[in-house]
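As structure tokens, the structure follows; a few thoughts come after it.
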Protein chains: 2
Amino acid sequence: MSSHPAKQANGSHLAKQAGGSPLAKQAGGSPLAKQASGSPLAKQRLRVWLRLLAAQREMESHLRARLRKRFDCTLPRFDVLSALERHRDGLRMSDLSTKLKVSNGNVTGIIDRLVGDGMVVRASVDGDRRAMRVRLTPAGVIWFGDMAHEHEIWVDELLAGHDAGDLEQLIAQLSRIGEGENDE
Amino acid sequence: MSSHPAKQANGSHLAKQAGGSPLAKQAGGSPLAKQASGSPLAKQRLRVWLRLLAAQREMESHLRARLRKRFDCTLPRFDVLSALERHRDGLRMSDLSTKLKVSNGNVTGIIDRLVGDGMVVRASVDGDRRAMRVRLTPAGVIWFGDMAHEHEIWVDELLAGHDAGDLEQLIAQLSRIGEGENDE
DNA sequence: GGAATATATTTCAAGCCTAAAATATTGAAC
DNA sequence: GTTCAATATTTTAGGCTTGAAATATATTCC
């Protein structure tokens with residue numbers, strides 16, 4: 001996951017950018033024209049993307065390690081349980097993949113394992129024999145409750161350096177990235 | 001990846017309060033007002049984490065799809081090539097895993113495949129027969145150059161809604177998350 | 001020099017992930 | 001009612017990812 005081009009192979013063989021003026025000439029007509037290619041703003045956006053990625057990885061890696069050591073649970077499993085916790089009446093497989101934004105096949109595998117652990121159950125949906133409704137078991141509810149509690153503390157610690165104002169700024173800026181998407 | 005506890009079924013055992021956060025007081029009214037969850041600030045931090053995750057996934061998923069369709073390349077491969085592009089004299093396997101923050105075994109597999117594709121080569125390091133120096137091949141340089149160029153445009157598009165001020169804010173806030181880490 | 005320890009890399013098992021193909025069922029058009 | 005497209009899920013193939021164990025080489029300490 002990620003991508004840091006940061007400084008593309010400029011000076012060598014690739015034609016790439018006229019070379020003279022740093023401000024792109026704005027090749028006008030051609031839709032395939034290099035557009036924003038070397039602009040300072042594009043570079044800054046690239047920097048933001050790399051930072052975003054680094055921050056996400058940093059936090060995810062901490063959370064994954066803790067979840068594993070303390071609860072022998074993975075992040076994907078935690079995510080699924082979390083979604084199910086908010087929908088005690090159950091969710092369909094497709095609801096899960098939509099909410100978590102992962103592929104259908106992926107959800108199938110995660111649910112298989114959670115079923116094997118006795119944390120969730122699959123039930124048929126009446127009126128539609130194609131669909132499956134997935135629910136937390138009582139054990140799943142308890143397990144997730146314990147984990148969620150600690151998880152919140154971990155996140156709080158990881159972002160301890162950010163006060164209310166910082167957080168508000170972040171929410172505002174980050175919310176404009178997926179634009180339109182809104183879980184729940 | 002990710003994690004949305006959002007509303008854990010707490011109310012039972014563990015005592016709360018995030019150890020590290022000095023600002024985490026303000027739980028408002030009665031002791032009971034602390035409710036089934038942590039302080040409002042902790043909740044807000046959780047919200048930020050979820051947004052961060054959503055934004056990252058959104059961008060990553062777009063970039064991955066484009067990279068695949070246009071260049072038949074994956075993001076991890078792109079990342080490795082990117083690191084190597086910035087170090088034409090080559091990097092050791094361990095340098096790569098450090099820079100990309102992924103495990104050693106992971107890098108081994110990615111490099112194996114890139115070698116198979118003729119985009120990088122492994123050479124022994126003299127003075128240390130344990131180590132391997134990995135370098136881009138000429139074909140790798142060209143391939144990465146092409147991809148990096150488009151990749152920058154894609155990122156530019158994905159963050160088109162953010163102006164210089166927004167970007168500066170984001171960089172400032174995000175930089176304080178990994179705290180201390182700094183690639184290159 | 002030789003033993004213990006540390007470093008660099010690979011291998012391994014298990015799980016995550018996607019895109020695409022395969023199944024099964026539903027719903028709509030005819 | 002049969003055909004055809006859409007929907008819900010699983011399966012499959014290939015690749016990514018981790019943490020831990022295994023190898024091989026270096027270094028340090030005696």
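Letters A, B, ... mirror the listed sequences (proteins, then strands); counts begin at 1.
Using a 4.0 Å cut-off between charged side-chain N and carboxylate O, A:Glu58 and B:Lys101 make no salt bridge. Under the 4.0 Å criterion applied to side-chain N and carboxylate O atoms, B:Glu157 and B:Arg66 are assigned as salt-bridge partners.
Across the protein-nucleic acid pair, A:Lys69 atom NZ and D:dG19 atom P stand 8 Å apart, rounded to whole Å. Rounded to whole angstrom, the span from the CZ atom of B:Phe78 across to the C1' atom of D:dC16 amounts to 17 Å. Distance, B:Glu60 CD to C:dC17 C1': 11 Å, rounded to whole Å. In this structure, CZ of A:Arg64 is placed 15 Å from P of C:dG15, rounded to the nearest angstrom. Protein atom CE of B:Met93 is 8 Å distant from nucleotide atom C1' of C:dT10, rounded to whole Å. Note: CG (A:Leu81) to P (C:dC16) measures 11 Å, nearest angstrom. Between the P atom of C:dT10 and the CE atom of B:Met132 lies a distance of 6 Å, rounded to the nearest Å. Here the P atom of nucleotide D:dG14 and the CZ atom of B:Arg68 are 15 Å apart, to the nearest Å.
Evaluation of the salt bridge (charged side-chain N to carboxylate O under 4.0 Å, His left out) rule for B:Arg130 yields B:Asp128 as partners, not counting sequence neighbours.
Residue A:Ala131 is the one, among A:Ala131 and A:Gly105, whose nearest nucleotide of DNA chain D lies closer to the 5' end (criterion: closest heavy atom). Comparing A:Ala65 and A:Asp95 by the nucleotide of DNA chain D whose heavy atom lies nearest to each, the residue mapping closer to the 5' end is A:Asp95.
The C1' atoms of five pairs define one axis at each end of the helix from C:dG1-D:dC30 to C:dC30-D:dG1, and these two axes lie 10° apart (to 10°).
Looking at every heavy atom in both residues, B:Leu100 comes nearest to B:Ala83 through CD2-CB, 4.3 Å. Between B:Cys73 and B:Met147, the closest heavy-atom pair is CB-SD, 3.6 Å. Residues A:Asp166 and A:Gly161 come closest through the heavy atom pair OD2-O, 3.8 Å. The two residues A:Arg88 and A:Val141 come nearest to each other via the heavy atoms NH2-CG1, 3.6 Å. When all heavy atoms are compared, the tightest approach of B:Glu152 to A:Ala42 is OE2-CB, 3.7 Å.
Rounded to the nearest 0.5 Å, atoms CE (A:Met59) and CH2 (B:Trp49) are 5.0 Å apart. Between the CZ atom in B:Phe78 and the CZ atom in B:Phe71 there is a gap of 9.0 Å [rounded to 0.5 Å].
Within 4.0 Å of A:Arg77, counting heavy atoms only, lie sugar-phosphate atoms of the nucleic acid but no base atom. Heavy atoms of A:Thr74 sit under 4.0 angstrom from primed sugar atoms or phosphate atoms, though from no base atom.
In this model, the phosphate group of D:dT7 is not approached by any side-chain N or O of A:Ser94 to a distance below 4.0 Å at OP1 or OP2.
Scanning residues 106-115 of chain A for heavy-atom distances under 4.0 Å to DNA chain D yields A:Thr108.
Checking side-chain atoms of B:Asn106 against main-chain N and O of B:Ser103 turns up no donor-acceptor pair under 3.5 Å. Under the 3.5 Å distance criterion, the side-chain polar atoms of A:His162 are left unmatched by any main-chain donor or acceptor of B:Arg45.
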Sort me out a list of protein N/O and nucleotides 25-27 of chain C N/O pairs below 3.5 Å, or just none if empty.
unit_1 : atom_1 : unit_2   : atom_2 : d
C:dT25 : O2     : A:Arg130 : NH1    : 3.4
C:dT26 : OP1    : A:Arg129 : N      : 3.1
C:dT26 : OP2    : A:Arg129 : NH2    : 3.3

Please enumerate all protein N or O atoms sitting under 3.5 Å from an N or O of nucleotides 3-5 of chain C, with distances to 0.1 Å.
none

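Minimum atom distance to the side chain of B:Asn104 is reached by C:dT9, of the listed C:dC16, D:dT18, C:dT9. Which of D:dT18, D:dC16, C:dT10 sits closest to the side chain of B:Arg122 comes down to C:dT10.
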As a quick check of understanding, evaluate side-chain contact (heavy atoms from CB on, under 4.5 Å) for B:Arg135 and B:His87, giving each step before the final call. CA-CA 8 Å; B:Arg135 246 186 269 256; B:His87 298 272; over 6 Å; no
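Few gaps surround CG on B:Asp89; more than 12 heavy atoms of other groups in view lie less than 6.0 Å from it.
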Let me have the donor-acceptor pairs involving side chains of residues 107-123 of chain A, under 3.5 Å, with sequence neighbours excluded, atom names and distances please.
unit_1   : atom_1 : unit_2   : atom_2 : d
A:Thr108 : OG1    : A:Asn104 : O      : 3.3
A:Asp112 : OD1    : A:Arg122 : NH2    : 2.1

